[in-house]
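Heads up, the thing below is written out as structure tokens.
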Number of protein chains: 2
Amino acid sequence: MARGARSREEVLAAAAELVKRQGPDALTMRRLAAGLGTAVTSIYWHVGGREALLDALVERTVADLGEIRPRGRTPEQRVVSVARALRRQLRDHPHLVALVHERGLTDRMFLPAQQALVREAHAAGLRGGRAAEFVRAVQFQVVGHVLVERNRERAPAQHPGGEELWRAEAAGDDPALARALSRPPAADRLFATSVRALVRGLLAGDGG
Amino acid sequence: MARGARSREEVLAAAAELVKRQGPDALTMRRLAAGLGTAVTSIYWHVGGREALLDALVERTVADLGEIRPRGRTPEQRVVSVARALRRQLRDHPHLVALVHERGLTDRMFLPAQQALVREAHAAGLRGGRAAEFVRAVQFQVVGHVLVERNRERAPAQHPGGEELWRAEAAGDDPALARALSRPPAADRLFATSVRALVRGLLAGDGG
DNA sequence: ACCTGAACACCGTTCAAGT
DNA sequence: ACCTGAACACCGTTCAAGT
């Protein structure tokens, strides 16, 4: 069983693999040790306990997150492109991002995106508190949308399912709407529509 | 230790209390049994295993969720009131709602809210697929916002924290913005602003 | 019909001991 | 400096046995 020295990096890499492929619950100290061919307790020597291990993974994730490059002509287009990029990052690393979230490093992870949004807010003429609100509204919107999406994807075969619900229920004599609501939402389209509507509403309105 | 017969309802009530107060992780079969003064195994007789127990709790939650009463004159006002009510429900039962989510009963739980939103969409002149998109955009927005809020509240003392981040970073010569982003977001205000902006954007725009 | 303890296969963590 | 096994206090679940 026992092979020579095993580095902290090896342990972290193996743990990251486990989390990426099977989620954080699959990361047990015993399984990790078994995969590395060591005794459980040697993991403790290298990285400390499970919490410390997760902390290290989170550090890694935050550091690895790529740059955000806004694309498009108008501030609206550029903000939408930032939102899209953000959504992709979040969707591509769901488990790791969830860990980052739980450990309170979300703000640091989103700093580049925030800075990009600030630039666009300024370009659109918003400043100060209004600009800050703009940045946060977009960020919450994107993160929230992805969280909802993820929850829906993970949810195994909705028990009654929107389908039967909206087949049985009255939809105010609007059969096209009932049909639409009985299908699963088209996540990409819904996301684009929502972000665009939010951005327009924020840039246009000033009613309180 | 052993007292007389214990009903399924007693077990469910005790389990619900545990989840409400300490979250789903605190609901272990052994702790539940200890609280009831029975052997662990008698829980299995009454409700089956842990999964079945959680399923039962979820059923309860879905059934107990109150009606939604839209308030206000204009469709916009009424939609915002629905969003507010929805947010309150979600915030008041965070653990139970999370369980509902995980078990794929979200659609059924949100049916009353969806129906209220459909009415307002119709009142605002939207029909068919557009109305469906409106309903879902608002629903995703509300649920997403609450999920993000919850994650932020649970997150223990952000490691670097938005504060230092935005103190150190350039904010494009906009010190008021840097100050605003260095404070934690005012969730209520941010929610209201976002929903209103989204609704306006959805009701006004038709650009693709 | 209802409750029991014993047992199994898992956890994370600590500790004293080896080299 | 690095790795080990034994032990502790937890899990969820099954099962044969009691009344």
Side-chain angles (χ1 to χ4, degrees), chain A residues 1-60 95-96 98-100 102-104 154 156, chain B residues 1-60 95-96 98-100 102-104 154 156:
Chain A
M1 293 272 159
R3 302 199 341 253
R6 219 150 263 94
S7 71
R8 177 184 159 88
E9 298 313 317
E10 268 182 277
V11 175
L12 287 183
E17 269 306 299
L18 259 175
V19 170
K20 265 188 212 157
R21 292 223 294 262
Q22 318 200 42
D25 285 352
L27 176 61
T28 76
M29 305 302 270
R30 287 175 147 90
R31 243 193 292 241
L32 182 56
L36 288 165
T38 31
V40 203
T41 41
S42 91
I43 309 275
Y44 282 81
W45 194 90
H46 279 118
V47 295
R50 188 167 188 271
E51 287 304 298
L53 176 56
L54 291 174
D55 281 341
L57 285 184
V58 162
E59 282 293 337
R60 244 181 188 228
H95 296 308
L96 288 172
L99 288 181
V100 171
E102 280 168 17
R103 293 185 134 59
R154 271 190 318 190
Chain B
M1 294 273 160
R3 302 199 341 253
R6 218 150 264 97
S7 71
R8 177 185 160 88
E9 297 312 316
E10 267 182 279
V11 175
L12 286 183
E17 268 307 297
L18 260 175
V19 171
K20 264 187 211 157
R21 292 223 295 263
Q22 318 200 43
D25 285 351
L27 176 61
T28 77
M29 305 302 271
R30 288 175 146 90
R31 241 192 295 239
L32 182 57
L36 288 166
T38 32
V40 203
T41 41
S42 90
I43 309 275
Y44 283 81
W45 194 91
H46 278 118
V47 295
R50 188 166 188 271
E51 288 303 298
L53 175 56
L54 290 175
D55 282 341
L57 286 185
V58 162
E59 283 293 337
R60 244 183 188 224
H95 297 310
L96 289 172
L99 288 181
V100 172
E102 280 167 18
R103 294 186 134 56
R154 270 189 318 190

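Below, chain A is the first sequence line, B the second, and so on; all start at residue 1. Note: hydrogens, waters and symmetry copies are ignored here, and every other heavy atom, side chains too, is used.
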Interatomic distance where CG belongs to B:Leu36 and P belongs to C:dT4 [whole Å]: 11 Å

Short side-chain N/O contact to C:dA1 OP1/OP2 from B:His46, under 4.0 Å: no

Distance test, side-chain N/O of B:Thr28 to OP1/OP2 of D:dC11, below 4.0 Å: yes

Sugar-phosphate only, base, or nothing, as touched by A:Leu53 at under 4.0 Å among non-hydrogen atoms: nothing

B:Arg50 CZ to D:dC11 C1', straight-line distance once rounded to whole Å: 10 Å

Nearest-0.5 Å distance that lies between atom CZ in A:Arg60 and atom CG in A:Leu96: 9.5 Å

B:Tyr44 OH - D:dA16 C1' separation (whole Å): 17 Å

Side chain A:Thr41 and base D:dG5 donor-acceptor under 3.5 Å: yes

Sugar-phosphate, base or nothing in reach of B:Leu27, heavy atoms under 4.0 Å: sugar-phosphate

Closest-nucleotide ordering on DNA chain D, the 5'-leading residue of A:Ala39 and B:Gly48: A:Ala39

For atom CG of B:Asp25 and atom P of C:dG12, their distance in whole Å: 13 Å

Pair assignment for C:dC15, Watson-Crick or G-U wobble, requiring both distances under 3.5 Å: D:dG5

Closest contact, heavy atoms only, B:Leu57 versus B:Leu27: CD1-CD2, 4.2 Å

Pair partner, D:dC10 [Watson-Crick or wobble, under 3.5 Å]: none

Length of the CD1-C1' vector between B:Ile43 and C:dC2, whole Å: 13 Å

Separation of C:dT14 P from A:Arg30 CZ (nearest whole Å): 13 Å

Separation of atom CD in A:Glu51 from atom C1' in C:dT14, rounded to whole Å: 17 Å

Which atom of A:Ala26 lies closest to which atom of A:Arg31, heavy atoms considered: O-NE, 3.2 Å

Spatial distance of atom NE2 (A:His46) from atom CG (A:Leu12) [nearest 0.5 Å]: 10.0 Å

Worked verdict on A:Thr38 versus A:Val11 for side-chain contact (heavy atoms from CB on, under 4.5 Å): CA-CA 10 Å; A:Thr38 31; A:Val11 175; over 6 Å; no

Closest listed nucleotide, where the reference is the side chain of B:Trp45 and the choices are C:dC2, D:dC3, C:dT13: C:dC2

Proximal nucleotide (of D:dC11, D:dG12, C:dC2) relative to the B:Arg31 side chain: D:dC11

Nearest-angstrom distance from the residue atom CE of B:Met29 to C1' of C:dG5: 16 Å

